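Read the numbers this way: they start at 1 and go in the same order the structure lists the ligands and their atoms. Everything quoted here is computed from the prediction, not taken from an experiment.
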Amino acid sequence: MFALQLLFSLFLSCLVTTARPPRRIPSCQVVQMDVFCSDRSLRSTPLNLPHGIRTLDLSRNQVQNLTQETLAHHTGLHHLNLGSNKIHFIQPGLFRDMTDLKVLDLSKNHLSVFAQSKTSVGPLTAVESLDLSGNGLFTGMTDYFLAESPLLTNVSLNGNSITKIAHNTFSGALSLRKINLHNNVILEIEDGAFDSLDHLTELDLSKNSINCITDFNLYNLKTLNLSKNSLELFRSTVSDNLYELIHLDLSENKMSLLPLLPRKNKLEYLDVSRNQIQSINVTGSIEGQIYFMCTCLAAPPSFSKHHQCFYHLKYLDMSYNSLKSLPQFLFSTMVSLEVLNVSNNCISSFSVSAGLLKNVRIINLSYNSLQTLTFAENALQSLEELYLSGNELTTLDYHTFQRLPNIRLLHLQQNNLRVCTSAVPDQNHPDPSGCVSFSSVSNLEYLYLSENSLQTLPPNTFSDTPLKLLDLSLNPGLDMKQDSLRGLENSLVHLFLRENNITELNTDLASLTSLKYVDLSTNQLTTLPMWNKESSIESLNLQNNNLVSLEYSTVLALERTLKTIYMGSNPLSCCRNLPFLHMVQNSAVVVPDIETVTCVYMEDTEPVNIEKVTQEMCQNLENGSVNIIMIIVVGLVLMITLVLLIKCCHSRRRKRNRSFSA
Ligand SMILES: *[C@@H]1O[C@H](CO)[C@@H](O)[C@H](O)[C@H]1NC(C)=O
Ligand SMILES: *[C@@H]1O[C@H](CO)[C@@H](O)[C@H](O)[C@H]1NC(C)=O
Ligand SMILES: *[C@@H]1O[C@H](CO)[C@@H](O)[C@H](O)[C@H]1NC(C)=O
Ligand SMILES: *[C@@H]1O[C@H](CO)[C@@H](O)[C@H](O)[C@H]1NC(C)=O
Ligand SMILES: *[C@@H]1O[C@H](CO)[C@@H](O)[C@H](O)[C@H]1NC(C)=O
Ligand SMILES: *[C@@H]1O[C@H](CO)[C@@H](O)[C@H](O)[C@H]1NC(C)=O
Ligand SMILES: *[C@@H]1O[C@H](CO)[C@@H](O)[C@H](O)[C@H]1NC(C)=O
């Protein structure tokens with residue numbers, strides 16, 4: 001018995017000791033030769049680590065003084081992460097003998113304090129990637145870290161306070177391929193600052209205060225990011241050398257002209273969005289030099305002028321500028337262009353003549369002031385997506401969209417278009433004017449026509465057009481015909497008719513057998529459209545209509561396929577919708593706005609949430625009325641009996657009286 005007690009107390013104490021952490025410093029995670037000690041309030045490396053570790057992650061700790069001791073004399077490291085500590089001192093020469101150290105992360109420390117002591121960390125013998133971001137370093141301080149880093153290829157100086165790149169800033173790191181200077185306050189780049197970096201391919205100067213790049217001559221650079229500066233001008237040197245530049249981001253600057261790019265370039269991606277570009281010049285003159293747009297393939301090479309050629313350009317973003325027009329010569333060399341974004345400008349007319357922009361897949365012209373739009377017969381043969389929303393289009397050439405053999409998606413919302421009947425024009429009925437046709441657009445699948453003040457939608461509007469999605473919302477008063485959607489029976493999946501002030505839907509939706517998603521919200525509907533067993537509706541939005549009761553047969557037809565129904569803000573009657581109620585309560589149908597779905601029991605009663613309604617309540621209501629009738633009947637019978645009784649008594653008394661008088 002005593003022995004058992006002892007055993008039990010031993011067991012207990014054992015439990016208590018295992019529950020307590022073994023050492024005061026929580027241990028690191030060791031995976032083979034990689035050690036992870038992140039976020040453990042350490043001031044230095046734990047002493048019990050195995051010899052020969054290759055990776056040491058000491059990030060998010062309390063290291064202040066980086067010495068051989070704080071690294072516990074581990075010199076064979078390949079990868080050392082000291083990010084987010086409080087390092088303000090590094091023992092000079094610490095990395096000299098660490099001949100395997102390739103990746104060194106010193107981000108988010110207090111290295112500006114160390115730099116103020118004007119001591120150099122000494123050679124970074126083998127380091128290839130160095131992260132010095134977020135250290136409060138200012139101009140000149142990088143010298144103490146970069147002066148002897150012969151193998152350095154990647155350096156990040158992101159988020160410091162550097163104002164100037166001096167000509168010798170990177171002279172001790174001639175292997176650099178990638179420099180990140182994002183988010184500093186660079187105002188000045190001295191001549192030749194990057195010239196000696198023959199391998200430099202990626203330079204990020206975004207989010208600085210640079211206001212002018214003249215004589216850009218970094219032939220080997222592939223990616224240059226100058227986004228979010230104050231650039232007013234970007235100009236490369238006049239040269240016949242080939243530039244390797246592929247990506248140029250000049251977005252969010254203050255340029256009023258397109259950048260002047262090297263004549264021989266490989267540029268594929270150009271972003272000049274959110275600038276102040278007002279016009280595209282054939283020739284521009286800056287400081288006495290004349291620049292030509294490259295308008296022909298064989299521009300005379302002897303010209304000591306700029307020829308803007310864009311043979312390789314695939315992506316051009318000029319959105320959010322002040323362009324009033326887009327002259328076609330701009331496109332003459334853009335034989336590879338795939339994406340053109342010129343949205344949010346002030347362009348009033350856009351035309352593309354034959355043979356131009358053959359490879360463009362996406363054009364974004366939304367939010368301009370377009371009134372005319374013309375495409376030549378053979379232009380834009382690859383165009384798949386065309387965004388034209390928020391313009392002033394009223395009349396378009398009748399066959400505008402039939403000319404685009406690959407058009408798949410058309411955004412035309414917020415315009416003033418009128419839709420033609422699909423009747424094929426012949427000699428007696430030439431091309432109708434003042435309207436645009438959507439029939440026989442052979443690949444069109446997505447069509448957005450909301451907010452166009454559309455009055456009517458003639459029968460067969462979309463015949464021979466394989467629409468999957470049709471948005472006709474926000475055209476209040478839109479008069480749809482019985483056959484308006486004929487031709488879409490097997491293709492249409494999404495139909496949006498939101499905010500159209502529709503009181504009764506004449507259009508036959510039951511024959512649209514592929515239709516799955518229907519939005520009829522914010523109309524004046526009093527009855528549901530007819531659906532039958534062939535329907536495949538999965539989502540139905542009926543919010544904010546005038547529905548009192550839902551057809552039993554329609555509810556039954558919908559119940560098979562319906563997954564989601566929105567029903568809020570309708571004057572539903574509780575007891576006239578028991579089939580619907582049954583569907584909501586007993587099937588898998590989800591009613592996302594169930595909290596706003598209310599109904600009324602009788603006129604003049606407060607609406608109640610539909611979830612609270614039960615079949616019994618409606619029966620009670622019926623029983624209730626039966627009871628009232630019963631009471632009335634019983635009351636009547638009683639009254640009649642009473643009256644009869646009284647009469648009877650009366651006559652007897654009279655008789656007696658008579659007998660008295662007699
Ligand atoms: C850092 O540690 C070294 C060696 O332990 C010591 O000599 C030096 O004074 C310390 N420096 C700071 C700034 O604490
Ligand atoms: C340097 O940056 C490039 C591009 O981000 C990356 O692919 C490469 O792995 C980096 N090199 C090192 C040593 O971190
Ligand atoms: C350029 O830098 C900005 C800001 O850091 C960034 O949003 C953008 O994606 C970069 N551009 C490219 C092409 O990488
Ligand atoms: C072309 O650019 C020059 C210089 O910016 C300007 O003075 C001139 O008005 C521009 N021409 C056109 C047609 O916009
Ligand atoms: C311009 O349009 C392209 C393609 O549609 C898109 O990727 C890009 O984000 C747009 N630019 C801006 C600034 O929104
Ligand atoms: C068209 O460009 C605008 C900005 O210019 C952008 O917001 C929109 O997303 C673009 N459309 C597409 C489909 O890329
Ligand atoms: C909606 O239709 C009603 C008649 O049904 C009409 O009185 C009202 O003005 C219409 N509202 C709009 C915005 O067209």
Does some non-hydrogen atom of His182 fall short of 4.0 Å from ligand 3?
yes
Answer with yes or no after comparing the ring centroid distance for Phe216 and Phe234 against a 6.0 Å cut-off, counting only values under it.
yes
Nearest protein heavy atom to atom 6 (C) of ligand 5, by residue and atom, and its distance?
Tyr315 OH, 3.9 Å
Assess the side chains of Gln62 and Lys86: does a donor N or O sit below 3.5 Å from an acceptor N or O?
yes
More than 12 foreign heavy atoms under 6.0 Å from NE2 of His199: is that the case here?
yes
At what distance is the nearest protein heavy atom to atom 7 (O) of ligand 3, and which residue and atom is it?
Lys228 NZ, 5.0 Å
For Asn225, is at least one N or O under 3.5 Å away from an N or O on ligand 3?
yes
Glu338 with Arg361: basic N within carboxylate O range, under 4.0 Å:
yes
Under 3.5 Å, N or O to N or O, is Asp204 touching ligand 3 that way?
no
Whether Asp397 and Arg403 form a salt bridge (side-chain N of Lys/Arg under 4.0 Å from carboxylate O of Asp/Glu) is what I want to check.
yes
Just jot down the side chain to side chain donor-acceptor pair (under 3.5 Å) partners of Asn154, sequence neighbours excluded, or say none.
none
Do any nitrogen or oxygen atoms of Glu202 lie less than 3.5 angstrom from nitrogen or oxygen atoms of ligand 2?
no
Lys/Arg-Asp/Glu bridge criterion (N-O < 4.0 Å) met for Glu202, Arg177:
no
Distance filter under 4.0 Å to Ser319 heavy atoms, resulting ligand 5 atoms
11 (N), 12 (C), 13 (C)
Heavy-atom nearest neighbour in the protein, as seen from atom 12 (C) of ligand 5, with distance rounded to 0.1 Å:
Asp317 OD2, 3.6 Å
His494/Tyr517 aromatic ring centres below 6.0 Å:
yes
For atom 11 (N) of ligand 2, which of the options Asn154, Leu130, Val155 provides the nearest non-hydrogen atom?
Asn154
Looking only at protein heavy atoms, which one is nearest to atom 5 (O) of ligand 5, and what is the separation?
Ile362 CG2, 4.0 Å
Are Ser437 and Gln402 close enough, and set up right, to give a side chain to side chain donor-acceptor pair (under 3.5 Å), and what steps lead you there?
CA-CA 8 Å; Ser437 156; Gln402 282 78 0; 3.0 Å; yes
Look at the aromatic rings of Tyr315 and Tyr269 and report parallel, tilted or perpendicular, splitting at 30° and 60°.
parallel
Return the closest protein heavy atom for atom 4 (C) of ligand 5 as residue, atom name and distance.
Val339 CG1, 3.8 Å
How far is atom 3 (C) of ligand 5 from its nearest protein heavy atom, and which residue and atom is that?
Asn341 ND2, 3.5 Å
Among all the protein's heavy atoms, is there at least one whose distance to atom 9 (O) of ligand 3 comes out below 4.0 Å?
no
So if I count the atoms of ligand 3 from 1 in the order they appear, which ones are less than 4.0 Å from some heavy atom of Ser206?
2 (O), 4 (C), 5 (O)
Of the protein's non-hydrogen atoms, which lies at the shortest distance from atom 13 (C) of ligand 2, and what is that distance?
Ser129 CB, 3.6 Å
